Amino acid sequence: MKGWVTVTAVEASTTGIRAIEAEAVPTRFARGWHCLGLSGQFKDGKPHTVNAFGQKLVVFQSGDGGLNVLDAYCRHMGADLSKGRIKGDELACPFHDWRWGGDGRCKKIPYARRVPLRARTAAWTTMEQDGLLFVWNDPEGNPPQPEVAIPRIEGATRDDWTDWVWQEIVVETNCREVMDNVVDMAHFFYVHYSFPTYFKNIFEGHVATQIMNGLSRPDARPPGKGPRMLGNSSVASYHGPSFMIDDLTYHYDDMDLKSVLINAHYPIDGNSFMLHSGIIVQHSDKLPREGAEAMAHKLGEFILKGFDQDVEIWKHKTRIDNPLLCEEDGPVYQLRRWYEQFYVDVADVRPEMVERFEFELDTTRPVEAWKQEVEANLARRAAAGRQA
Amino acid sequence: MTIRADNRLLDGAPMQPLDCHQCGAEVEVRKASWHQTSVQWSSQALGACLERRAAHSGDGGGPDHGLFPGCTALRESIVRAALDGAIPVPEE
């Protein structure tokens, strides 16, 4: 713990009662790429309102096909540009028809001879990839760095995978709650009825990973016909503060089902966020195109149910900065230490926020097996030493 | 927001330094049980890790997007340290 700024929980010394501590939610929003959802929905020739980062934004497609994100309030008289119309390459304000370009500059005022100085609004850096629209948020105003780019999702553009099944829900709490799920091993059992047998978290740089292999719980499944799900293997990484790609394989008694699950969000404000889930499923011999599409929708519903289970907890719980963890819990504090890097200036990112940390729980390897493995390795090395 | 310390590190065993038998990288390790292991790397240790360097000489592609799941030599070092008592393991 060298070099950490630490605060120990203050306990009511006379009663021994553990106090719950919580600072106010952060006043800034995380630096990083945020997914606004399927890009196709913004390409209907109309401007779209997006409430994000404590502001109102407008998304519109310009004539060149590109998607642009601007601050929604017209700098002229404050009207809402997302209620305007797209005219060619520009977004026209509904109030006085001022024309705004995707670069945030006012290009034309139809009734004026010239555009006044400083006729510029905030334009956000956007990126379209794998059928999704991303927006870059940086309170310092710097452009995105290449090393924090969102990786490509191979199946998203391939014919042997389904299209995205995409869903969005508004959650009325601070988005830190959804991040905690990365490490919260035990809640997968109690809230989501899965049974993790192997669990690992890796935090390094701007990436936080959760590897989880689990068994299906027979007590959570109605007895029935059809293929039996035995369990799943999942490698899920947050690439930055809000976009998680989960390579998720479901194991059935007669096949493996490969899918990619997206779990993403953007903050609406400090006390609410938009939670997205997206899923694509790979076709297979057992599950050709139509079957895979049906399965993707079924999984989509299943995931939404999982969100509902989380939301039911979140909407009643309190924010807690000093969770009281038992040894069987995951690395909540270390996750939050990692997460903090997105809420400070780049110059203030400290090594402990980005240095690699691993947390592993492996119930599949009995201690006896470890002992045998070590002995076998030692014997092998001793034998190799004799030969040399 | 303040970065807080894990209550388990304050009240229980701390992270302990351990050298990997393979490359000598010094990491900090803690075991909460035989099945659970925490490892804190420094950038120096990560730079020294042979398996890590081998993994990153590849293209970094693949479905896991270049994820390095962990060092097997370090894992073995930790098992040995746990078995010989250098890293304490709380009794079940």
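Letters A, B, ... mirror the listed sequences (proteins, then strands); counts begin at 1. Everything numeric here is computed off the predicted structure, so don't read it as measured data.
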Quiz item: Taking 4.0 angstrom as the limit, do A/D362 and B/R75 come out as a salt bridge?
Solution: yes
Quiz item: Contact part of A/L324 toward chain B, heavy-atom cut-off under 4.5 Å: side chain, backbone, both or neither?
Solution: both
Quiz prompt | Residues that B/W41 engages under ring pair (Phe, Tyr, Trp, His ring centres under 6.0 Å), provided they are two or more places apart | solution = none
Practice problem: Sequence neighbours left out, what passes ring pair (Phe, Tyr, Trp, His ring centres under 6.0 Å) with A/Y343? Give chain and number order. | Solution: A/Y339
Self-check item: Contact class of A/L325 relative to chain B, heavy atoms under 4.5 angstrom
Solution: both
Practice problem: Could you grab the distance from atom CD of B/Q40 to atom CZ of A/F359, nearest 0.5 Å is fine? | Solution: 13.5 Å
Quiz item: Above 12 or not: heavy atoms from other molecules or residues under 6.0 Å from NZ of A/K200?
Solution: yes
Exercise. With rounding to the nearest 0.5 Å, note down the distance linking CG in A/L361 to OG1 in B/T37.
Key: 8.5 Å
Exercise. Consider only side-chain N and O atoms of B/T2 and A/E23, and report whether a donor and an acceptor are under 3.5 Å apart.
Key: yes
Quiz item: Can you tell which of A/I202, A/V207, A/V332 has the highest number of heavy-atom pairs within less than 4.5 Å of chain B?
Solution: A/I202
Practice problem: Below 4.5 Å from any heavy atom of chain B, which atoms of A/E360 appear? Answer side chain, backbone, both or neither. | Solution: both
Quiz item: Can you say whether A/R176 sits under 4.5 Å from chain B via the side chain, the backbone, both, or neither, judging by heavy atoms?
Solution: side chain
Practice problem: Measure the spacing between CG of B/L46 and CD of A/E355 and express it to the nearest 0.5 Å. | Solution: 9.0 Å
Quiz item: When rounded to the nearest 0.5 angstrom, what is the spacing between CG in A/D247 and CG in B/L67?
Solution: 10.0 Å
Practice problem: Please look at A/D329 and chain B and tell me whether the side chain, the backbone, both or neither of the residue comes under 4.5 angstrom of a heavy atom of that chain. | Solution: both
Quiz prompt | Nearest-0.5 Å distance, CZ of residue B/R4 to CG of residue A/N322 | solution = 5.5 Å
Self-check item: Among A/P351, A/C326, A/P331, residue most engaged with chain B (heavy-atom pairs, under 4.5 Å)
Solution: A/C326
Quiz prompt | B/I3 CD1 to A/Y333 OH distance, which is reported to the nearest 0.5 Å | solution = 13.0 Å
Quiz item: Does the pair A/E204/B/R52 count as a salt bridge with the N-to-O cut at 4.0 Å?
Solution: yes
Quiz prompt | Electrostatic pair A/E327-B/R30, nearest N-O below 4.0 angstrom | solution = yes
